[in-house]
Amino acid sequence: MIESLKYIPQPKATNEELAGHFTDLAPPLNARQAAIESARCLYCYDAPCTRICPTGIDVASFIRNIQDKNVNGAAVTILQQNILGGSCSRVCPTEILCEDACVRNHDAEGQPVKIGLLQRFALDNATLDGHPFKRAPSTGKKIAVVGAGPAGLSCAHRLAMLGNDVVIFEAHEKSGGLNEYGIAKYKLTDNFAQKEVDFLLGIGGIEVRHGQKLGANLHLKDLHGQYDAVFLGLGLGASRALGLTGEDAPGLMAAVDYIAELRQADDLAKLPVPRRAIVIGAGNTAIDMAVQIQRLGAEEVTMVYRRGFDAMSATHHEQDIAKANQVRMQTWAQPQQVLLDEAGRVRGMRFERTAMEGSRMIGTGITFELPADAIFKAIGQAMEPAALADPLAAMLKRDGDKIHVDDSFRTILPGIYAGGDCVSLGQDLTVQAVEHGKRAAMAIHSDIQSKKGTA
């Protein structure tokens, strides 16, 4: 992947200096701060923060436990509903979920309880004696889970709790999915994703096999025949194309590929860093890319989006992070042409100004150019076509480019289930994927006990 940028120089800073730019985005609360913050909670009956949480964490209950100095109780309350609650406390957009729903937004203070930071405090400071949950007696059933991302891990954990044996098949060298490979380095620090995976696997009954890629050395037909059920937690591994000539030129690449290299890098000083960078997109991945390349030492980073700020999928909180890191944000402009130098490498991009005509976005014919040594596209992810290329997988009903499932995450093929980013239910969020996996596990367990499993 970095091959595309091999002509770009490495940072002048040392690895130690650069690592200092990737410490915690939001420092954790200490015990005194957690006590003060938990005292602000009104412990609402039928709390709106719990109702809006995709995993249904009993927010008032765990915060009450913190106030009562029962940190272990708070942690278990969270983990009962969200086994990946530690990573979610760091990456979940609480500003549009639980904290946005907090009733304290509407009182004299006008500030929500810091639910995300309190959740992190509970899970970081709990002193649990081993794994907090025990497996039920063995059912004698064995389930295949494809993908060791949040959806797959959550599904596997709940199935194991219910007494089933699970084998997870993962294409990458490490488990964790988006948490390991796709989240900004300053959001999940200190190898947290792997520590959380190790904790989750502590339930027992889960085997993980790495280097197993659906459509390559792993086939759905074989899994369907060998296991009592199959859960597909595939995620979205392919980056959408701009559809422009020159898109394969050196210097233009998918933002998620660079982020993955950055997260796995042992020496940040060995990463190629352009002097001027353009990031195409308006979601959280675009923000993560722009901020990180700025922190690595790029002199000028510009995010470009074809609509206005209010239409961005990145939250206002994420937009503020970009602005605080001196990322330039250019709106109402769409890519028109990749500009190349004499060697065929990226030297910039031409954009066309856009505008709204009624409810329709149009090009105005006005163009401008931005110079750049590298361009990173963050315009969305799609499922890798090869993943569903075998005959059985091809029979799965689709919703656009995603897998169709019912409300219990059953596909139209008996015994095959799917959840996470590869299905169209809910939002593409880590916390949503965790809930998908958990609910799918409950359906799988119920179906295999009663020999059902049809949509």
Residues that His445 engages under ring pair (Phe, Tyr, Trp, His ring centres under 6.0 Å), provided they are two or more places apart
none
Under the side-chain contact (heavy atoms from CB on, under 4.5 Å) rule, what do Gln10 and Asp267 come out as? Steps first, then yes or no, please.
CA-CA 11 Å; Gln10 297 168 356; Asp267 187 348; over 6 Å; no
Short side-chain to backbone donor-acceptor contact, Thr430 and Cys88, under 3.5 Å
no
Asn105 side chain to Glu99 backbone, donor-acceptor under 3.5 Å
yes
Side chain to side chain contact (heavy atoms under 4.5 Å, CB included) against Leu42, all qualifying residues, sequence neighbours excluded
Cys44, Val103, Arg104
Does the Glu95 side chain pair with the main chain of Thr315, one donor and one acceptor, at a distance under 3.5 Å?
no
Do the non-hydrogen side-chain atoms of Val197 and Lys174 ever get within less than 4.5 Å of each other?
no
Qualifying salt bridge (charged side-chain N to carboxylate O under 4.0 Å, His left out) pairs, either residue in residues 133-144, two or more places apart
Arg135-Asp165
Would you check if Leu220 and Leu232 make a side-chain contact, meaning some heavy-atom pair closer than 4.5 Å?
yes
Could you go step by step and tell me if Met312 and Thr331 meet the side-chain contact (heavy atoms from CB on, under 4.5 Å) rule?
CA-CA 10 Å; Met312 286 184 171; Thr331 56; 4.1 Å; yes
Are the side chain of Gln292 and the backbone of Asp288 linked by a donor-acceptor contact shorter than 3.5 Å?
yes
Donor-acceptor contact present, side-chain Thr411 to main-chain Leu413, <3.5 Å:
yes
Rounded distance [0.5 Å steps], CE in Met303 versus CD1 in Ile278:
12.5 Å
Check: Gln294 and Val273 side chains under 4.5 Å, non-hydrogen atoms
no
Would you compute the distance between atom CG of Asn325 and atom CD1 of Ile287 and round it to the nearest 0.5 angstrom?
10.0 Å
I'd like to know if the side chain of Asp107 reaches the main chain of Gly110, judged simply by a donor and an acceptor atom lying under 3.5 Å from each other, with no hydrogens or angles considered.
yes
Sequence neighbours excluded, the answer for side chain to side chain contact (heavy atoms under 4.5 Å, CB included) partners of Arg307 is Tyr305, Ala311, Trp332, Met356, Met361
Would you say Glu109 has more than 12 foreign heavy atoms packed within less than 6.0 Å of its CD?
yes
Working to the nearest 0.5 angstrom, can you tell me the gap between Leu162 CG and Ser446 OG?
10.5 Å
Per the side chain to side chain donor-acceptor pair (under 3.5 Å) rule, what does the pair list look like for residues 432-443, sequence neighbours excluded?
Gln81-Lys438, Glu435-Lys438
Interatomic distance, Ile321 atom CD1 to Asn284 atom CG [nearest 0.5 angstrom]:
8.5 Å
Do the side-chain N and O atoms of Gln67 and Ser38 include a donor-acceptor pair separated by under 3.5 angstrom?
yes
I'd like to check the side chain to side chain donor-acceptor pair (under 3.5 Å) partners of Asp124; sequence neighbours left out, ordered by chain and number.
Arg90, Arg120
Could you list the residues that satisfy side chain to side chain contact (heavy atoms under 4.5 Å, CB included) with Arg209, not counting sequence neighbours?
Val167, Phe169, Glu207, Gln212, Tyr227
Less than 4.5 Å apart, side chain to side chain, heavy atoms only: is that true for Pro112 and Thr94?
no
Does some side-chain heavy atom of Asn164 sit less than 4.5 Å from a side-chain heavy atom of Ile448?
yes
Would you say Glu37 and Phe121 make side-chain contact, with heavy atoms under 4.5 Å?
no
Just to verify, what does Phe199 make a ring pair (Phe, Tyr, Trp, His ring centres under 6.0 Å) with, not counting sequence neighbours?
His131
Sequence neighbours left out, what passes side chain to side chain contact (heavy atoms under 4.5 Å, CB included) with Asp407? Give chain and number order.
none
Heavy atoms, side chains only, cut-off 4.5 Å: are Asn179 and Leu153 in contact?
no
Side-chain donor or acceptor of Asn72 paired with backbone N/O of Ala126 under 3.5 Å:
no
Is a side-chain donor or acceptor of Asp24 paired with a backbone partner of Ala26 at a separation under 3.5 angstrom?
no
Heavy-atom count around Lys114 NZ within 6.0 Å, excluding the residue itself: above 12?
no
Would you say Lys323 has more than 12 foreign heavy atoms packed within less than 6.0 Å of its NZ?
yes
Heavy-atom pair of closest approach, residues Cys155 and Val145
SG-CG2, 4.5 Å
For the residue pair Val327 and Val279, establish whether any side-chain heavy-atom pair is separated by less than 4.5 Å.
no
Ring pair (Phe, Tyr, Trp, His ring centres under 6.0 Å) contacts in which one or both residues fall within residues 20-65, not counting sequence neighbours:
none
Please answer whether the main-chain N or O of Lys213 pairs with a side-chain N or O of Asn217 as donor and acceptor at a distance below 3.5 Å.
yes
Candidate list Asp100, Asp46, Asp58, test salt bridge (charged side-chain N to carboxylate O under 4.0 Å, His left out), partner Arg51, passing option:
Asp46
Phe376: which residues meet the ring pair (Phe, Tyr, Trp, His ring centres under 6.0 Å) condition with it, sequence neighbours left out?
Tyr258
Who pairs with Ser175 by side chain to side chain donor-acceptor pair (under 3.5 Å), at least two apart in sequence or on another chain?
His210
To the nearest 0.5 Å, how far apart are CD in Gln449 and CG in Asp228?
9.5 Å
Short question: side chain of Gln326, backbone of Ala324 - any donor-acceptor pair under 3.5 Å?
yes
